[in-house]
Enquirer: 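Before we start, here is the structure in question, set down as structure tokens.
Just the heavy atoms: all of them, side chains too, but no hydrogens, waters or symmetry mates, feed the values below. Residues take their numbers from the sequence shown, with the count starting at 1.
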Amino acid sequence: MAETGRRILAIESSCDETAAAVVENGETVLSSVVASQLITHGKYGGVVPELASREHLRAIVPVVREALEIAGCTLASVDAIAVTVGPGLVGCLLVGLTYAKSLSFASGRPLIAVNHIEGHIHAVILEARRAATPVALPALALVVSGGHTHLFEVRENFIYRLLGKTRDDAAGEAFDKVARLLGYGYPGGPIIDSLAPHGDETAVKFTFAKMKSNALDFSFSGLKTAVLRWVEAQHIEEEIAARRAFGREHPQPSTEEWLALSPPRTLGLLASFQHAAITELLTRAAAAAESFGARALIVAGGVACNTGLRAAARRARLPYPVYFPSPGLSTDNAAMIAAAAFPKLERGEFAALDTGAHANLALA
Ligand code: KG4
Ligand code: ZN
């Protein structure tokens with residue numbers, strides 16, 4: 001029988017996706033199952049923590065079973081069980097963690113605790129290794145999602161140093177809030193991304209916050225407030241109400257449907273907002289990379305899906321390679337948790353069965 005590599009079953013439940021995956025040698029994704037709760041939270045315009053925990057409880061057993069089945073594994077044939085222990089919504093984290101602990105206890109396989117942010121970074125490292133273009137270290141990681149906007153130096157042996165973070169909203173949160181303000185659905189990032197190319201990005205000028213103590217920190221609240229002021233000045237309440245009403249009747253409208261409800265000035269606002277957010281991200285990332293001589297830039301997290309951000313990073317012609325995850329590995333998934341757990345498996349870095357979940361767990 002052919003020898004198999006070391007397999008990790010990973011579980012992720014930090015926010016609104018229940019996910020499980022089996023990954024071999026930190027690199028080969030044998031399965032990656034994601035049960036999204038978009039339909040549940042969409043009608044509330046954001047994640048409702050109590051509903052999210054309940055949905056995780058409903059989904060966790062079938063999602064893990066499916067991940068094992070697709071991978072052709074049983075609990076007995078995996079080498080370890082990895083799980084996200086933070087940061088995230090504590091009620092959500094506890095569902096995944098409790099189940100992972102019980103699987104570990106029942107199977108005798110070690111438990112590995114993973115930081116969600118490290119998972120996002122490892123999604124990119126996994127794909128780069130698989131494509132035989134491994135990420136050179138030290139690298140700069142820009143982690144941009146609904147909950148985080150962080151800059152880390154990634155050193156050998158996956159040692160992290162925090163260089164900057166958002167002072168207020170996360171980048172994805174800013175996309176989501178702006179979309180909601182204008183009557184679009186949730187999550188707003190993909191909607192704004194699909195509409196922005198139809199608008200004039202020079203239509204509305206936004207100014208940038210200067211960071212007093214740390215020039216590598218981000219701020220998105222000023223941008224959000226500027227959008228709010230623009231909306232107030234335009235008197236477009238009816239237009240916004242029409243989109244809200246449409247969104248209530250149609251769970252996930254298509255780009256064409258949103259376009260039909262979006263006049264040019266609104267598309268111009270969206271394009272200008274996206275352009276400003278991307279400029280904020282890339283300017284500070286480039287400065288951070290320069291500060292320690294990064295050999296690569298890793299962009300990770302849900303906002304890494306943004307096509308405008310990808311195009312701008314390409315156009316910037318940075319003096320080091322830039323790595324983005326494929327869309328399936330950008331947003332929350334468990335394959336990235338398994339990938340981050342692999343070096344810990346090799347080092348024998350296991351977690352005790354009384355390990356807790358931490359809503360604000362820091363990576364560095
Ligand atoms: O990583 P993720 O799935 O969950 C968190 O850990 O937060 O990121 C979700 C976030 C949401 O705020 C969503 O609006 C944003 O990522 N997002 C995008 C895009 N796709 C997802 N933001 C901008 N452009 C996109 N294409
Ligand atoms: Zn995430």
Enquirer: Between the main-chain N or O of Gly301 and the side-chain N or O of Ser145, is there a donor-acceptor pair closer than 3.5 Å?
Expert: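 A pair under 3.5 Å: no.
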Enquirer: Drop me the distance from Ile81's CD1 to Leu75's CG, to the nearest 0.5 angstrom.
Expert: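 The distance works out to 5.5 Å.
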Enquirer: State, without any angle test, whether His116 and Thr84 hold a side-chain donor-acceptor pair at a distance under 3.5 Å.
Expert: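 No donor-acceptor contact under 3.5 Å links the two side chains.
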Enquirer: Under a 3.5 Å cutoff, is there a donor and acceptor pairing between the side chains of Thr307 and Asp193?
Expert: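 Distance-only check passes for Thr307 and Asp193.
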Enquirer: Does Tyr323 form a side chain to side chain contact (heavy atoms under 4.5 Å, CB included) with Leu297? I'd like the steps, not just the answer.
Expert: CA-CA 6 Å; Tyr323 295 84; Leu297 168 60; over 6 Å; no
Enquirer: What I want to find out is whether Glu50 reaches Arg54 closely enough, with some N-O distance under 4.0 Å, to be called a salt bridge.
Expert: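 Result for this pair is no, no salt bridge flagged.
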Enquirer: In Å, rounded to the nearest 0.5 Å, how long is the span from OH of Tyr186 to CD of Gln252?
Expert: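 Between atom OH of Tyr186 and atom CD of Gln252 there are 11.0 Å.
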Enquirer: Does Arg130 pair with Glu27 as a salt bridge, N-O distance under 4.0 Å?
Expert: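 No, Arg130 and Glu27 are not salt-bridged.
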Enquirer: At what distance, to the nearest 0.5 angstrom, does CD of Glu55 lie from CD of Gln37?
Expert: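 It is 5.0 Å, given to the nearest 0.5 Å.
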Enquirer: Can you confirm whether Leu68 sits close enough to Thr74 that some side-chain heavy atom of one is under 4.5 Å from a side-chain heavy atom of the other?
Expert: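 Not touching, per the 4.5 Å side-chain cut-off.
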Enquirer: If I take atom CD1 from residue Ile159 and atom CD from residue Glu153, how far apart are they, to the nearest 0.5 angstrom?
Expert: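 Rounded to the nearest 0.5 Å, the CD1-CD separation comes out at 10.0 Å.
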Enquirer: Would Arg243 count as a cation-pi partner of Tyr184, with NZ or CZ less than 6.0 Å from the six-membered ring centre and within 45° of the ring normal?
Expert: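 Yes, cation above the ring, under 6.0 Å and within 45°.
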Enquirer: Does some side-chain heavy atom of Ser272 sit less than 4.5 Å from a side-chain heavy atom of Lys205?
Expert: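 Heavy-atom side-chain distance check fails, nothing below 4.5 Å.
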Enquirer: Roughly how far, to the nearest 0.5 Å, is CD1 of Ile125 from CZ of Phe158?
Expert: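 CD1 of Ile125 is found 4.5 Å from CZ of Phe158.
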Enquirer: Look at the side chain of Glu12 and the backbone N and O of Ser14, then say whether any donor-acceptor pair between them is shorter than 3.5 Å.
Expert: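 Between the backbone of Ser14 and the side chain of Glu12 there is a qualifying donor-acceptor contact (under 3.5 Å).
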Enquirer: With sequence neighbours left out, what residues match Ala340 under side chain to side chain contact (heavy atoms under 4.5 Å, CB included)?
Expert: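 With neighbours one apart ignored, the set is Val114, Glu118, His122.
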Enquirer: Please confirm whether the backbone N or O of Asn25 pairs with a side-chain atom of Arg7, one donor and one acceptor, at under 3.5 Å?
Expert: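 No, Arg7 side chain to Asn25 backbone: no donor-acceptor pair under 3.5 Å.
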Enquirer: Compute whether any side-chain donor of one residue and acceptor of the other, for Ser219 and Asp168, lie under 3.5 angstrom apart.
Expert: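 Yes, because at least one side-chain N or O of Ser219 sits under 3.5 Å from a partner of the opposite role on Asp168.
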Enquirer: Just checking, is any N or O donor in the side chain of Thr331 or Glu17 under 3.5 Å from an acceptor N or O on the other one?
Expert: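 Note: Thr331 and Glu17 side chains miss the donor-acceptor criterion.
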Enquirer: Roughly how far apart are Phe206 CZ and Thr225 OG1, rounded to 0.5 Å?
Expert: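 Interatomic distance, Phe206 CZ to Thr225 OG1, rounded to 0.5 Å: 10.5 Å.
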Enquirer: Taking atom types as modelled and ignoring hydrogens, do the side chains of Asp332 and His120 form a donor-acceptor contact shorter than 3.5 angstrom?
Expert: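 His120 and Asp332 do have a side-chain donor-acceptor pair below 3.5 Å.
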